[in-house]
There are 2 protein chains.
Amino acid sequence: MTAVKWPGEWLRGVLQLCVLSALEAGPTYGYAIGQRLEEAGLGTVKGGTLYPLLGRLESDGLVRSTWAAGEGGPGRKYFQLSDAGRRELHDRVLMWRQFTAATALLLPAAGTTEEES
Amino acid sequence: MTAVKWPGEWLRGVLQLCVLSALEAGPTYGYAIGQRLEEAGLGTVKGGTLYPLLGRLESDGLVRSTWAAGEGGPGRKYFQLSDAGRRELHDRVLMWRQFTAATALLLPAAGTTEEES
DNA sequence: CTGACTAGTTAGGCATACAATCTAGTGTGC
DNA sequence: GCACACTAGATTGTATGCCTAACTAGTCAG
């Protein structure tokens with residue numbers, strides 16, 4: 001999917017879930033997380049957003065970080081989910097699904113508005 | 001559905017869509033909008049949030065307001081969608097659907113994390 | 001008159017995406 | 001060795017909107 005620019009308000013909140021989700025498959029570093037999220041259709045997640053978020057997740061005990069030498073580049077800071085992080089991801093994903101289901105019921109079906117106008 | 005307390009970050013952004021959607025069926029007033037959103041599962045939308053939002057929508061030309069006498073209560077400020085508001089609702093709903101679809105693909109399926117832990 | 005419910009209004013606090021800026025490591029070409 | 005590009009991470013100030021708190025005001029019932 002090409003770069004889509006979602007409203008920042010929409011990213012707010014769910015971005016944490018997406019980052020935790022990106023870590024579920026195993027440890028990885030910030031730059032790679034950003035790339036993965038972009039490929040997945042989230043648009044460009046700016047470093048000014050991603051790194052403070054990763055910092056908050058670590059402060060909250062949801063992820064842990066370790067430094068490793070880069071592969072022909074600068075060093076990399078690898079992040080991995082803690083047990084608390086896995087639980088948080090699981091709980092929040094369930095809630096998010098309920099939330100989006102509720103909003104889907106409330107919002108008009110696609111095409112409805114256009115047909116009336 | 002009983003009152004659920006969604007994170008404020010999640011409401012941010014989509015709340016505008018939900019309010020516009022509540023107005024799609026016809027003019028109504030703030031208090032009733034709040035009730036409708038609560039019944040729909042959005043949780044309690046505080047007046048401190050709802051009224052400034054309605055004000056912004058009006059400033060942006062997406063809704064118009066008129067005062068009417070209340071039915072055995074205080075006066076009511078009725079809001080209705082403008083043409084621009086209808087178009088905005090339609091466009092944004094499509095985008096929201098795309099956004100939630102993209103995030104659904106990225107997030108783990110419910111139960112996956114639990115089975116691995 | 002008091003309290004409850006109905007309706008609307010406002011301001012400051014807080015959290016976080018965005019934009020901007022910066023540091024630093026490695027490799028390539030000149 | 002220097003400049004540039006790409007890789008990686010970090011930080012800060014601004015803008016935005018939900019939350020909290022507080023408030024005003026109309027109507028009805030006890």
Side-chain angles (χ1 to χ4, degrees), chain A residues 3-20 22 27-38 42-60 62-63 65-79 92 99 103, chain B residues 3-20 22 27-38 42-60 62-63 65-79 92 99 103:
Chain A
V4 184
K5 182 68 186 68
W6 306 117
E9 310 96 64
W10 292 2
L11 281 179
R12 189 180 179 97
V14 75
L15 186 56
Q16 174 177 317
L17 274 194
C18 296
V19 169
L20 290 175
T28 188
Y29 55 100
Y31 197 76
I33 293 173
Q35 288 178 325
R36 175 166 160 71
L37 295 183
E38 180 155 8
L42 263 280
T44 304
V45 181
K46 314 295 173 59
T49 297
L50 183 55
Y51 293 109
L53 172 56
L54 287 167
R56 291 194 300 271
L57 290 175
E58 188 163 21
S59 297
D60 294 343
L62 301 182
V63 303
S65 66
T66 53
W67 278 99
E71 300 166 7
R76 292 168 174 164
K77 187 171 187 179
Y78 280 81
F79 297 89
R92 281 300 178 106
F99 178 70
T103 56
Chain B
V4 185
K5 183 67 187 71
W6 305 118
E9 311 97 63
W10 293 3
L11 282 178
R12 190 181 178 99
V14 76
L15 186 57
Q16 174 178 319
L17 274 195
C18 296
V19 169
L20 288 175
T28 187
Y29 54 98
Y31 196 77
I33 293 172
Q35 287 178 326
R36 175 167 160 73
L37 295 182
E38 179 156 7
L42 264 280
T44 304
V45 181
K46 313 291 174 62
T49 297
L50 182 55
Y51 292 108
L53 173 55
L54 287 167
R56 291 196 299 274
L57 290 174
E58 188 163 22
S59 297
D60 295 342
L62 301 182
V63 303
S65 66
T66 54
W67 279 99
E71 300 166 4
R76 291 170 175 162
K77 187 169 186 179
Y78 279 82
F79 297 90
R92 281 300 177 103
F99 178 70
T103 56

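Quick note on labels: first sequence line is chain A, next is B, and so on, each numbered from 1. Basis for what follows: all heavy atoms, side chains included, without hydrogens, waters or symmetry-related copies.
Across the protein-nucleic acid pair, B:L54 atom CG and C:dT10 atom C1' stand 14 Å apart, rounded to whole Å. D:dG17 atom P lies 13 Å from atom CH2 of A:W10, rounded to whole Å. Between the P atom of C:dA15 and the CH2 atom of B:W6 lies a distance of 22 Å, rounded to the nearest Å. Atom P of nucleotide D:dT16 and atom CG of B:L11 are separated by 20 Å, given to the nearest angstrom. With rounding to whole Å, A:D60 atom CG is found 12 Å from C:dA15 atom C1'. Regarding B:L53, its CG atom lies at a distance of 11 Å from the P atom of D:dC19, rounded to whole Å. B:K46 places its NZ atom 16 Å from the C1' atom of C:dG12, with the value rounded to the nearest Å. Atom-to-atom, CG of B:L42 to C1' of D:dG17 comes out at 15 Å; the value is rounded to the nearest Å.
Under the side chain to side chain donor-acceptor pair (under 3.5 Å) criterion, A:Q35 pairs with no residue at all, not counting sequence neighbours. Judged as a ring-ring contact (aromatic ring centres under 6.0 Å, His included), and not counting sequence neighbours, the contacts of B:Y29 are B:Y78. A:F99 is linked by a ring-ring contact (aromatic ring centres under 6.0 Å, His included) to A:W96, B:W6, B:W10, counting only residues two or more places apart in sequence or in another chain.
DNA chain D is contacted by no residue of residues 13-20 of chain A, taking any non-hydrogen atom closer than 4.0 Å.
Residues B:T28 and B:R36 fail the side-chain proximity criterion, which asks for heavy atoms closer than 4.5 Å. Considering only heavy atoms from C-beta on, A:L54 comes within 4.5 Å of A:I33 through its side chain.
Here B:L37 contributes atom CG and B:L11 contributes atom CG; the two are 9.5 Å apart, rounded to the nearest 0.5 Å.
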Q: Using the side-chain contact (heavy atoms from CB on, under 4.5 Å) rule, take A:L20 and A:R92 through it: C-alpha gap first, then chi angles, then the decisive distance, then the call.
A: CA-CA 10 Å; A:L20 290 175; A:R92 281 300 178 106; over 6 Å; no
**Q.** Evaluation steps, side-chain contact (heavy atoms from CB on, under 4.5 Å), between B:L15 and B:L50
**A.** CA-CA 9 Å; B:L15 186 57; B:L50 182 55; 5.9 Å; no
Q.
Does the protein touch nucleotides 7-12 of chain D at the base, only the backbone, or not at all? Give it as B, S and - per nucleotide, heavy atoms under 4.0 Å.
A. BSBBBB
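Remark: the A:R12 side chain and the D:dT16 base include no donor-acceptor N/O pair separated by less than 3.5 Å.
Taking every heavy atom of both residues into account, B:E38 and B:T44 meet most closely at OE2-OG1, 3.3 Å. Minimum interatomic distance between A:G13 and B:E9 (heavy atoms only, all atoms of both residues): CA-CB, 3.6 Å.
For B:R56 and D:dC18, the shortest distance from a side-chain N or O to OP1 or OP2 is below 4.0 Å.
The rotation axes computed at either terminus of the helix from C:dC1-D:dG30 to C:dC30-D:dG1 lie 10° apart, taking five pairs at each end and rounding to 10 degrees.
The residue from A:Y51, A:W67, A:Y31 that alone fulfils the side chain to side chain contact (heavy atoms under 4.5 Å, CB included) condition with A:K77 is A:W67.
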